[in-house]
Structure formats: structure tokens, C-alpha cells
Amino acid sequence: IVGVAKIARDITQRKAAETEILKLNDELEGKVTLRTAQLEAVNKDLADQRFAVDQHAIVAVTDVQGSITYVNDKFCDLSQYSREELIGQNHRMMNSGHHPKEFFQQMYRTIANRKVWHGEIKNRAKDGSTYWVDTTIVPFVADGKPQQYVAIRADITEQKLAKETLAEQALELARRAVELARSRKVLETRLQYVLNSMAEGLVAVDEQGNFVLWNPAAERILGMGAADLPVHKWPEQYGLYLPDTVTPFPSEQIPLVRAVRGEMSTTVMFVRNPEVVEGAWIEVSAAPLKDKQVVVCGGVAAIRDITRQKADEREIRKLNEELERRGGDRTAQL
């Protein structure tokens, strides 16, 4: 060794930059850790909410073509179809034939226009039995177009059966009332008193569609009395509309008309006419009248004002939609 050489470089700026990079890395890792924890908490919250919904509701998801993409266990239990049998299929496989085609047309128009639809549907299970579900269908929208539809249902079969039993009892009472009115004049005064005291409207027609009974409750609910008009004029005369409140109710689907054809039916319709300006919701249950030879000789219908019930349902839907909106906002954030 004959000597030593040393070269020195100033690396102060590099060291400062390295320190700043380490500091930024530490801050970024902290933010990522915090964000991860937040997302995990939100995901757990959503998972808990979905679990809660699945425990109570019957849930199904369909694409815009109507093909089923998801069903929960309660849907399978009620319909009696396995998940494998349902995925990729259309809800038409469970159509009971109870509702007219206008019912489903109005439903599809509503959700295609990105609006929430709510109603009661009668479906058919795999073994042929039928059941009723209170249904809310929510369109999930992206880029201004529906991408999929989420249907949340509740089984209301027992409630509907109870209502049908009451309706059948009312119809049976109406049948007996009409028979007594025809055959036993001595009971005419008492019968009229009963009819006048009933909260439900009772209307009966003969086989030609001529009104033979129209109690005061029916006049109060519909806003007017019996009119001597052909059947196809009834929707215009009394202001009968489908549940969308704008489409005139098809005359051939009116329960009393179906009763003359020998059919029993229960239908919800909207009434708006010059005497019922604000409109009213009614539930009509009708059945055929038969003589001693079991030949249809007319029809009888029980009319119930369900306007208050509909108002309550709208309030519930409003609350549901608010909950769905919040869920949608949360989903958008995620």
C-alpha cells in the first residue's frame, strides 16, 4: 500500500427523497389497511342484511329477458322446485292461469320503465298446488337501463284462503238472499233490511246480464245504482279500471260477467267516475247462481271497499322503497 484515495458524493437529497417515499408508503399502507377494514365491515353488514332478508322473504333475481339467475332457499321450499330446476327458467313455469294477461302486461310495463311494482300473485307449485305471494319487484338500473330485476315476496296463502272463505260465505249468503227474494215474498222486508245493513256491496244479475239485486252498500261504493246497459258498457258507466288506474277494465274479465259464464273469481280494480271523483279501490268476488237443476241462471258479486288497505300498502311500499334506495346508495358506494 503506497497511499489511499477517497471520493465523496453529496447524497443528502437522495436520502431526503428516500425518507419522503418511506413516509408516503407508510401513509398509503395505513389508508389501505383502514379502507380494507371499512370494506370488510360494510361487506359483513350487507351479508347480515341479506341473511336477515333471506330468513324472512322469498327472493329471486331475473335478467332483463326474464330468466331466473338466483333464488333463495325459501323460494325453492315454497315452489317445490330445486335451485337447479329454476335457474335459467322463466317465471311462467309457475303461472297458475288465475290472472288475465293484462295483469302481467301492466307489471312488465312498470318494471321496464324502471319503476317498482307491487302486487299479489297466485302461482302454481311443482305438485300442482297453488299459493299466493305478496310481491315487490325492483329493477336494478345501470346506464339508464334495467340490468336485472329483484323480486322480494312474502307467502300470504293463509290470509288469502281466509279471505276467500269469508268471500264464499258472503256469496253463499247472497245466493240464499236472491233465492229468498224470488220465492218467499213474506221475507222481502227482512231481507231488504239485511241487505241495507251490510257493509259489503251485493250485486246480482240474471243470465242475460240484467241487474236483479243492487244493495245500498254497492251504490255507496260505486257511487251510482244499477243501470240498464249492455255488459260492454259497464266499464265506461261505472269507471272501472285495471290496477294501473288508467286502462279500462276489460268487460269480459269483470267478475260478474265471468260468473254468468259459470266461473268463480276474485279481482281488485280501481273505480273512478263523476260520483267517485278521487277514485276508490275495490275487491270484487263473484260466483254463478244456479237453479235446482244446477244450471247457471245468473251471477252474484260481493264488493268490498279496500281503499284504506291500499293506502296502508302504499305506505309500506314507501318505507320499502326508502330502504331499497338506501341499499342502492350503499351498493353504489361499494
Side-chain angles (χ1 to χ4, degrees), residues 56-58 96 98-100 102-104 106-107 110-111 115-123 130-138 151-174 197-203 215-224 235 238-249 253-256 258-259 264-273 275-287 300-324:
H56 170 72
I58 302 156
S96 66
H98 174 80
H99 305 282
E102 292 83 5
F103 175 86
F104 293 105
Q106 188 270 333
M107 178 186 74
T110 300
I111 60 178
K115 297 180 181 179
V116 175
W117 182 88
H118 181 85
E120 297 177 353
I121 301 177
K122 186 177 184 180
N123 283 337
T130 58
Y131 59 91
W132 282 88
V133 283
D134 184 77
T135 304
T136 298
I137 303 178
V138 182
I152 302 174
R153 299 174 172 88
D155 184 3
I156 58 170
T157 305
E158 291 186 3
Q159 298 95 305
K160 294 294 289 187
L161 289 176
K163 288 172 63 176
E164 288 174 3
T165 299
L166 291 175
E168 289 174 1
Q169 292 174 350
L171 291 173
E172 181 62 26
L173 175 61
S197 302
M198 293 185 66
E200 287 190 330
L202 284 179
V203 177
N215 76 341
E219 184 169 349
R220 173 179 55 80
I221 294 171
L222 297 175
M224 57 186 70
Y238 299 105
L240 307 179
Y241 297 89
L242 288 173
D244 64 2
T245 72
V246 294
T247 306
F249 203 96
Q253 292 297 329
I254 294 176
L256 199 55
R258 295 176 63 181
M264 291 185 63
S265 63
T266 299
T267 300
V268 173
M269 61 178 70
F270 186 75
V271 177
R272 183 175 55 241
N273 57 51
E275 303 301 325
V276 188
V277 178
E278 295 183 359
W281 290 95
I282 61 173
E283 184 181 76
V284 183
S285 298
V300 61
I303 305 171
R304 188 163 65 94
D305 189 338
I306 59 170
T307 305
R308 179 59 182 272
Q309 176 185 328
K310 283 289 185 179
D312 293 341
E313 290 175 355
R314 284 195 299 271
E315 185 63 23
I316 292 173
R317 285 201 302 275
K318 182 179 179 182
L319 295 174
N320 285 338
E321 291 169 3
E322 177 63 17
L323 178 61
E324 291 161 2

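Taking all atoms of both residues into account, the shortest heavy-atom contact from Val300 to Ala174 is CG2-CB, 3.3 Å. Closest approach of Glu283 to Lys160, counting heavy atoms only: OE2-NZ, 4.3 Å. The minimum heavy-atom distance linking Ala259 with Ala286 is given by the pair CB-CB, 4.1 Å. Smallest separation of non-hydrogen atoms from Ala302 and Leu171: N-CD2, 4.0 Å. Thr130 and Ser96 get closest at one heavy-atom pair: CG2-CB, 4.3 Å.
Within the 4.5 Å cutoff, no side-chain heavy atoms of Tyr241 are placed close to those of Phe249. Side chains of Asn123 and Val133 form a contact here, defined as non-hydrogen atoms less than 4.5 Å apart. Annotation: side chain of Asp155 is in contact with side chain of Ile58 (closest heavy-atom distance under 4.5 Å). The shortest distance between side-chain heavy atoms of Trp281 and Gln309 does not fall below 4.5 Å.
Expressed to the nearest 0.5 Å, how far CD1 of Ile121 lies from CE of Met107 amounts to 5.5 Å. Here the straight-line distance linking atom NZ of Lys310 with atom CG of Asp312 works out to 11.5 Å at 0.5 Å rounding. The CD atom of Glu200 lies 9.5 Å from the CD1 atom of Ile303; values are rounded to the nearest 0.5 Å. Between atom CD1 of residue Ile282 and atom OH of residue Tyr238 there is a gap of 11.5 Å, rounded to the nearest 0.5 Å. Taking CZ of Arg272 as the reference point, atom CG of Leu240 lies at 11.0 Å (rounded to 0.5 Å). One finds the CG atom of Leu256 at 9.0 Å from the OG atom of Ser265 (value rounded to the nearest 0.5 Å).
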For this session: Kindly determine whether Ile137 and Thr110 satisfy side chain to side chain contact (heavy atoms under 4.5 Å, CB included), including the steps that lead there.
Result: CA-CA 10 Å; Ile137 303 178; Thr110 300; over 6 Å; no
For this session: Output, in order, the C-alpha distance, side-chain angles, deciding distance and verdict of side chain to side chain contact (heavy atoms under 4.5 Å, CB included) for Asp134 and His118.
Result: CA-CA 8 Å; Asp134 184 77; His118 181 85; 2.9 Å; yes
Problem set entry | Working for side chain to side chain contact (heavy atoms under 4.5 Å, CB included), residues Trp117 and Gln106 | CA-CA 9 Å; Trp117 182 88; Gln106 188 270 333; 3.2 Å; yes
For this session: Quick one: do Val271 and Leu222 satisfy side chain to side chain contact (heavy atoms under 4.5 Å, CB included)? Show the steps, please.
Result: CA-CA 7 Å; Val271 177; Leu222 297 175; 4.0 Å; yes
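At least one donor-acceptor pair under 3.5 Å links the side chain of Asn215 to the backbone N or O of Leu202. Within the 3.5 Å criterion, the main-chain N or O of Pro255 finds no donor-acceptor partner in the side chain of Thr267.
With respect to Trp132, the side-chain contact (heavy atoms from CB on, under 4.5 Å) criterion is satisfied by exactly one of Glu158, Lys163, Glu120: Glu120.
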